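Reading through the structure tokens given below for one structure.
In this text, all values refer to a predicted model and were calculated from it rather than measured experimentally. Computed from heavy atoms alone, side chains included, the values below leave out hydrogens, waters and symmetry copies. Note that ligands are numbered from 1 as they come in the structure, with each ligand's atoms numbered from 1 the same way.
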Amino acid sequence: MNSLQMWQDAAQQVFWYHPPTQILDDANPPFYRWFADGVTNACYNALDLQVTQGRGEQTALIYDSPVTNSKARFTYSQLLEQVSLFAGALAQRGVGKGDRVIIYMPMVPEAAVAMLACARLGAVHSVVFGGFASAELAVRIDDARPVAVVCASCGIEPGRIVAYKPLVDEAIALAAHKPGHCIVLNRPQAPVADALERDVDWHEAIRDARPVECVPVEANHPLYILYTSGTTGQPKGVVRDTGGSIVALRWSLSNIYDVRAPDVFWAASDVGWVVGHSYIVYGPLFAGCTSLMYEGKPVGTPDPGAFWRILQEYRVRVMFAAPTAFRAIRKEDPQGRLLQQYDVSQLRALFVAGERCDPATLHWAGDLLGVPVIDHWWQTETGWPVCSNCLGIEQLPIVPGSPARAVPGYQVCVVDESGRELAPGEIGALVIRNPLPPGTFTGLWNASERYRTAYFERYPGFYETGDAGYIDDNGYVYVMSRTDDVINVAGHRLSTGAMEEVLADDADVAECAVIGVQDALKGQLPLGLLVLNSGAQASAEEVVQRVIGAVRTRIGPVAAFRMCTVVKRLPKTRSGKILRATMRSIANGEPWSMPATIDDPAILDEITSTLQAMGLAITAD
Ligand code: COA
Ligand code: AMP
């Protein structure tokens with residue numbers, strides 16, 4: 001079936017106030033517009049439609065929080081009521097169609113309520129992951145210029161309570177833009193003591209609000225902005241539109257994940273990441289499924305059997321998590337003994353993404369659970385999987401190390417530096433032929449030119465994924481590494497460029513590099529290499545500790561930046577470019593060759609010795 005026909009059919013499965021008459025507007029590449037003249041609403045599709053179709057009493061959302069010892073269930077009708085009321089509270093504060101709202105919350109149901117309430121009003125939410133620090137939040141506030149911020153008073157990490165509200169206040173103080181309102185969900189673990197003039201308590205806001213109906217919006221109206229790491233400290237505000245998201249996510253639930261109403265679907269991620277947007281909040285609800293919000297970790301809350309408990313307790317049909325979570329469980333319970341205490345027989349499949357899934361983890365989880373473990377590849381930009389074994393269409397043989405083939409709607413190719421398409425087996429840049437399907441990003445907030453140049457300029461006619469790899473004779477895609485400065489730490493996408501900006505700001509640092517080194521648990525960890533100014537005031541150890549602290553306060557604990565050392569010099573090309581890729585290969589004990597353009601080859605010996613002293617740069621032989 002041709003792609004347009006496929007999407008036309010898929011569009012008929014969703015609710016439109018006015019169905020689109022045009023499926024794809026390709027008049028202005030790369031700014032493609034799907035379903036351009038359609039009018040719809042994401043919240044309507046997620047909630048009102050489901051209630052209208054008779055799912056009012058079905059559980060829409062399950063909340064399970066081992067860190068607070070609490071559980072809750074919300075039927076579609078209950079969720080609709082809460083969302084309508086909270087939308088009313090936002091509307092009372094002047095939030096309307098097109099206005100932005102920043103949401104800075106942990107994994108609590110109110111985060112989903114706030115997102116859906118924005119969608120109800122046609123307001124554009126931007127959820128910021130709680131592991132990011134104030135300065136990162138401030139950058140997003142200045143870029144999105146929200147009318148209101150919705151936050152919780154705190155998040156709960158194992159062993160510590162993270163007070164979110166002071167972080168929000170600090171971010172607003174740092175930002176040039178000052179949102180007029182801050183709606184605070186006070187949690188008993190750390191309620192806010194001193195409310196500011198712009199603050200209102202979540203429950204008070206709802207008490208005084210009237211429920212509101214959905215605002216019809218054009219298909220291309222932005223549903224949300226989600227900031228993600230690029231090569232610099234300025235994050236990219238990925239914009240997802242409304243109509244495309246509804247159509248693609250709904251299609252993906254049945255065709256890729258093979259779940260349908262009223263199946264229970266669990267994505268063990270966070271609402272702050274794209275997985276949380278697509279597969280905790282919107283996708284499962286568009287499909288009439290029951291979704292699960294888990295406020296806990298794979299281990300330590302309380303033990304490595306936590307995931308198995310959830311699978312049993314809620315009869316989860318399909319689960320989705322990052323491979324790092326299973327590496328964490330395996331590390332603590334290598335035999336998977338705790339699984340014996342649980343009945344997970346209703347589980348049909350485990351999907352993994354967010355980072356490359358190493359075959360050992362894939363085999364371990366598959367053998368233990370006795371279900372297919374499906375590696376699938378996608379990105380914040382695409383919003384839903386690019387490559388996957390589509391269980392709802394046909395299960396292909398599983399090849400560990402590959403996320404299988406391109407999903408219908410995507411044409412994945414491998415090209416060399418000149419943009420020439422490569423033969424099967426040849427390694428190059430992974431690109432996707434334009435147009436990208438519905439539900440993928442339609443732009444970058446406030447940065448149309450960056451959208452064009454960062455993603456569509458280098459390989460004309462293609463979207464540049466930023467990943468490198470190859471495709472085999474059977475069309476299986478292998479994603480091997482990033483081609484840019486993005487690293488993946490415990491399934492979290494981070495920019496080494498952003499970390500370098502923090503390091504370079506230290507008064508005693510002359511120059512620096514941050515590279516990703518392999519880690520058995522988290523996949524990758526950042527490693528900082530510093531060259532100090534000749535007249536540095538502080539000792540090397542003091543500077544190292546200072547920059548580690550600075551990354552934590554300016555980017556956030558999620559960066560997991562703990563490895564840092566001082567070197568005499570950094571290897572460079574004759575034109576002065578730091579040879580990060582070579583250092584990365586050395587640090588990871590991978591084969592490397594002396595770059596022809598290197599200025600002084602002896603520096604690499606110094607770097608190798610330093611890295612070896614840190615327990616890195618160990619080659620297999
Ligand atoms: N709010 C505040 N702080 C947070 C946070 C949040 N929402 N999430 C993480 N952090 C903090 C953690 O407390 C930790 O701080 P610390 O340095 O003081 O210990 C730091 O950020 C790193 O957290 P995390 O990446 O969770 O590492 P961890 O060592 O605590 O746990 C794993 C390791 C593998 C168990 C965990 O990373 C994990 O479950 N990863 C899966 C990620 C995922 O689902 N990704 C989504 C893609 S599908
Ligand atoms: P994010 O935007 O945070 O979802 O991160 C996207 C990046 O994570 C991709 O560009 C890849 O580098 C990596 N990634 C995600 N899924 C996979 C996968 N299944 N295999 C290999 N890499 C992956």
*Quick one: nearest non-hydrogen protein atom to atom 13 (C) of ligand 2, plus distance?*
Asn488 ND2, 3.6 Å
*So which bit of Trp378 gets within less than 4.0 Å of ligand 2, heavy atoms only: side chain, backbone, both or neither?*
backbone
*asked:* Just to be sure I read this right, does ligand 2 sit under 4.0 Å from the backbone of His376, its side chain, both, or neither, counting only heavy atoms?
replied: backbone
_Using 30° and 60° as the class boundaries, would you call the ring planes of Phe320 and Trp378 parallel, tilted or perpendicular?_
perpendicular
*Only counting residues at least two apart or in another chain, list the ones meeting side chain to side chain donor-acceptor pair (under 3.5 Å) with Glu313.*
Lys71, Arg309
*Just say parallel, tilted or perpendicular for the rings of Tyr294 and Phe307, cut-offs at 30° and 60°.*
perpendicular
*Just heavy atoms, cut-off under 4.0 Å: does Val486 contact ligand 2 by side chain, backbone, both, or neither?*
neither
*To which protein heavy atom is atom 18 (C) of ligand 2 closest, and what is the distance rounded to 0.1 Å?*
Glu355 O, 3.3 Å
*Among all protein heavy atoms, pick the one closest to atom 3 (O) of ligand 2 and tell me residue, atom and distance.*
Arg493 CB, 3.2 Å
_Checking side-chain contact (heavy atoms from CB on, under 4.5 Å) between Thr228 and each of Leu444, Thr380, Leu494, Val274, which is the one that passes?_
Thr380
*Nearest protein heavy-atom contact for atom 16 (N) of ligand 2: which residue, which atom, what distance?*
Gly354 N, 3.1 Å
*Should you measure from each heavy atom of Arg356, which atoms of ligand 2 turn up under 4.0 Å away?*
20 (N), 21 (C), 22 (N), 23 (C)
*asked:* If the test is side-chain contact (heavy atoms from CB on, under 4.5 Å), which one of Asp485, Val514, Val551 qualifies with Glu500?
replied: Val514
_Any donor-acceptor N/O pair, Ser402 side chain to Val477 backbone, under 3.5 Å_ = yes
*asked:* Using the side chain to side chain donor-acceptor pair (under 3.5 Å) criterion, which residues pair with Glu457? Sequence neighbours excluded.
replied: none
*Indicate yes or no for a side-chain donor-acceptor contact from Trp384 to the backbone of Pro438 under 3.5 Å, with no hydrogens or angles considered.*
yes
*asked:* Is it the case that the side chain of Ser291 and the backbone of Ile280 share a donor-acceptor pair, with hydrogens and angles ignored and the cut-off at 3.5 Å?
replied: yes
*Apply side chain to side chain donor-acceptor pair (under 3.5 Å) to Arg482 and list each qualifying residue two or more places apart in sequence or on a separate chain.*
Asp484
*Give a yes or no on this: more than 12 heavy atoms of other residues, nucleotides or ligands lie within 6.0 Å of atom CZ of Arg458.*
no
*Any N or O of Thr228 closer than 3.5 Å to N or O of ligand 2*: no
*Using a strict cut-off of 4.0 Å, indicate which atoms of ligand 2 neighbour a heavy atom of Val479.*
21 (C), 22 (N)
*Residue portion contacting ligand 2 (non-hydrogen atoms closer than 4.0 Å) for Thr380*: both
*Evaluate ring-ring contact (aromatic ring centres under 6.0 Å, His included) for Tyr279 paired with Phe351, printing each intermediate quantity in order.*
CA-CA 12 Å; Tyr279 295 115; Phe351 282 77; 9.1 Å; no
*Among Asp467, Val238, Asp375, whose heavy atom sits nearest atom 12 (O) of ligand 2?*
Asp467
Could you list, one pair per line, each nitrogen or oxygen of ligand 1 together with any protein nitrogen or oxygen closer than 3.5 Å, giving atom names and the distance rounded to 0.1 Å?
from, atom 1, to, atom 2, distance (Å)
ligand 1, 1 (N), Gly130, O, 3.3
ligand 1, 1 (N), Tyr164, OH, 2.9
ligand 1, 7 (N), Tyr164, OH, 3.4
ligand 1, 10 (N), Glu157, OE1, 3.4
ligand 1, 13 (O), Glu157, OE1, 2.6
ligand 1, 13 (O), Arg160, NH2, 2.8
ligand 1, 15 (O), Arg160, NH2, 3.1
ligand 1, 17 (O), Arg552, NH1, 3.0
ligand 1, 17 (O), Arg562, NH2, 2.6
ligand 1, 18 (O), Arg160, NH2, 3.3
ligand 1, 18 (O), Arg552, NH1, 3.4
ligand 1, 18 (O), Arg552, NH2, 2.8
ligand 1, 21 (O), Val558, N, 3.4
ligand 1, 25 (O), His492, NE2, 3.2
ligand 1, 26 (O), Lys297, NZ, 2.6
ligand 1, 27 (O), Lys522, NZ, 3.0
ligand 1, 29 (O), Lys522, NZ, 3.1
ligand 1, 30 (O), Lys297, NZ, 3.4
ligand 1, 44 (O), Ala268, O, 3.3

